[in-house]
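Every heavy atom of this structure was used, including side-chain atoms; hydrogens, water molecules and symmetry mates were not. Below, chain A is the first sequence line, B the second, and so on; all start at residue 1.
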There are 2 protein chains.
Amino acid sequence: MFKKILLAEDFQGENQGIAETLREKLILEELQNELYCDKAFTRLKVALKNTVPYELLITDLFFEKDHVDRKLKSGSELIKAARALQPSLKIIVHSMENNPIHVNSLFKEHKINGYVCKGRKGMLELVKAVKEVYHNRTYVSPQLNLTAANNVVELDDFDRAILRELANGLTKKEVSEKFKQEKITPNSESTIDKRISRLYDEYEAKNTTNLLFKLAKEGKI
Amino acid sequence: MFKKILLAEDFQGENQGIAETLREKLILEELQNELYCDKAFTRLKVALKNTVPYELLITDLFFEKDHVDRKLKSGSELIKAARALQPSLKIIVHSMENNPIHVNSLFKEHKINGYVCKGRKGMLELVKAVKEVYHNRTYVSPQLNLTAANNVVELDDFDRAILRELANGLTKKEVSEKFKQEKITPNSESTIDKRISRLYDEYEAKNTTNLLFKLAKEGKI
DNA sequence: AAGTCCCTTACAGATTTCTGTAAGGGATTG
DNA sequence: CAATCCCTTACAGAAATCTGTAAGGGACTT
């Protein structure tokens, strides 16, 4: 079994519960837990330097903001940094996120090794995932049904930038002006119009209000 | 200290973490934990019948749906049922919800005794909350700032009817026509305009898109 | 090099949104 | 009863939204 595991999870209750269960169900030599991404990353770096690197990282995706300044703001940033630092590291994500698209992109972009949804069976699955990953297999929570991944078009950064401003009540003209000021391209009213019209098609929305409402309800923005 | 505590929380990891911490930090005689609202409620009923009722209920608000059929679908339904069954029961809510409006309504409508936000300090706060509630005081996570509670006006049925149609992408003219067909009064475009304008003021929204987005995010529609 | 595809941009016209003014009516109050 | 308040409605003008056409340019293919 893994000799050295790092757990990053900002909810104190969850954090302790996971650590407790893993220690109980698996024979572990070393399991550290951290409440902040930055601290977790520092631990990875130090361990690597001291030639006793971590073998497995278990991390959440969302880390709540508080008064502590931070460079790494989310689990995916931590994962990205960790992958760059130590490509051999095994990574299991343990999160509430249950959108197959997002989960899929974690496997594709960051080569994570396992994904477990938080929930009633979360702990049982996590133990299973650790075992699977230890044997160089991947694990995905069955509820995700990742194979039958849905074909909904993803929003890109530009889409999201526009939608964010519209959600805040700016007009398209104002969005265009703001983008010009902030040197975001493209930025013509016309292009912004076209982008939104395309989203109407993709999400079967009738107007901006309808589009933003739908996306908000789906948690996409 | 409380002699008999019931914990309802559907995330296995969190559930175990909380139970562990409470047993460690407080001198408890009896602490049971349940993953389902219905089971938790049954426990309350049985205990009351056997004349050794629970003294404190700690519950989450959101309980994920799974294959198991259920009557009580959320923490607030559990709280309502529990209050009706056993008015003397102390209740602490432990949830991610951080909207002061919703939290406030729990105190007003269900007379809960404490509210703790999940998060990095969640466990420390929860222990503190249990102690406070034991001494017949209430506890609210400081981050909520509930005293400066917002005075936001509630939506009435007519507001909601308009907003629902706008969210579905209808224009104001179409909403007016629909209301006329369905004999909903008032129904002139003008009145609908006025209602929405009033909501702009009340919710500090700049336009319909902004208003709907805000309300969707606050979970009001 | 020519053809094709797609993105960016400009522009224009019809429709919708938003705001303000104003009139009428019901309910309440002094 | 008159004064007042608030809701409903009509109307009108400025601004914004939405849709379509069209031109230019970069990337990619044949």
Side-chain angles (χ1 to χ4, degrees), chain A residues 151-218 220-221, chain B residues 151-218 220-221:
Chain A
N151 43 6
V152 172
V153 191
E154 270 302 290
L155 300 170
D156 68 17
D157 290 345
F158 186 60
D159 291 328
R160 261 187 290 269
I162 297 171
L163 291 167
R164 184 170 49 243
E165 301 306 337
L166 292 177
N168 288 334
L170 270 62
T171 67
K172 291 170 183 177
K173 187 188 284 186
E174 289 168 336
V175 174
S176 166
E177 284 159 6
K178 186 167 185 201
F179 282 9
K180 280 171 187 158
Q181 274 194 1
E182 295 176 359
K183 313 283 183 201
I184 297 174
T185 56
N187 52 39
S188 75
E189 274 185 73
S190 192
T191 300
I192 291 167
D193 263 358
K194 288 277 179 282
R195 279 283 184 147
I196 295 169
S197 289
R198 200 169 68 192
L199 293 177
Y200 291 168
D201 291 341
E202 289 171 359
Y203 291 94
E204 297 179 23
K206 293 176 186 161
N207 53 37
T208 308
T209 302
N210 189 208
L211 177 68
L212 270 284
F213 184 81
K214 280 189 169 189
L215 292 172
K217 278 291 171 190
E218 288 177 23
K220 304 221 173 210
I221 47 177
Chain B
N151 39 6
V152 170
V153 192
E154 278 298 300
L155 300 169
D156 68 17
D157 290 344
F158 187 60
D159 291 328
R160 262 188 290 269
I162 297 172
L163 292 167
R164 185 170 50 242
E165 301 306 337
L166 293 176
N168 287 335
L170 271 61
T171 66
K172 291 171 184 177
K173 187 189 283 188
E174 289 168 336
V175 174
S176 165
E177 284 159 5
K178 186 167 185 200
F179 281 9
K180 280 170 187 159
Q181 273 192 3
E182 296 177 358
K183 314 283 182 202
I184 297 173
T185 56
N187 52 38
S188 75
E189 274 185 73
S190 193
T191 299
I192 291 167
D193 263 358
K194 287 278 179 282
R195 279 283 184 149
I196 296 169
S197 289
R198 199 168 68 191
L199 293 176
Y200 290 167
D201 292 340
E202 288 172 359
Y203 290 94
E204 295 178 25
K206 292 176 187 161
N207 54 38
T208 307
T209 302
N210 189 208
L211 177 66
L212 270 285
F213 184 81
K214 280 189 170 189
L215 292 173
K217 279 290 171 189
E218 289 178 21
K220 303 221 171 211
I221 46 177

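- One finds the CZ atom of B:Phe158 at 7.5 Å from the CG atom of B:Asn187 (value rounded to the nearest 0.5 Å).
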- Task: Test side chain to side chain contact (heavy atoms under 4.5 Å, CB included) on A:Leu155 and A:Tyr203 and set out the steps.
- Result: CA-CA 11 Å; A:Leu155 300 170; A:Tyr203 291 94; 3.8 Å; yes
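- Under the 4.0 Å criterion applied to side-chain N and carboxylate O atoms, B:Asp157 and B:Arg160 are assigned as salt-bridge partners.
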Kindly give the atom pairs (protein nitrogen or oxygen, nucleotide nitrogen or oxygen) under 3.5 Å for nucleotides 12-17 of chain C.
unit_1	atom_1	unit_2	atom_2	d
C:dT17	OP2	B:Lys172	N	3.2

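- Here the closest heavy-atom approach between residue B:Leu170 and residue A:Asn207 is recorded as O-ND2, 4.3 Å.
- With rounding to the nearest 0.5 Å, the separation of NZ in B:Lys214 from CG in A:Asn168 is 8.5 Å.
- Heavy-atom contacts of chain A under 4.0 Å fall on DNA chain D between two terminal nucleotides, which in 5' to 3' order are D:dA16 to D:dT21.
- Listed by chain and residue number, nothing satisfies the side chain to side chain donor-acceptor pair (under 3.5 Å) test with B:Thr185 (two or more places apart in sequence, or in another chain).
- For the salt bridge (Lys or Arg N to Asp or Glu O under 4.0 Å) criterion with A:Glu165, the lone passing option out of A:Arg195, A:Lys173, A:Lys172, A:Lys178 is A:Lys178.
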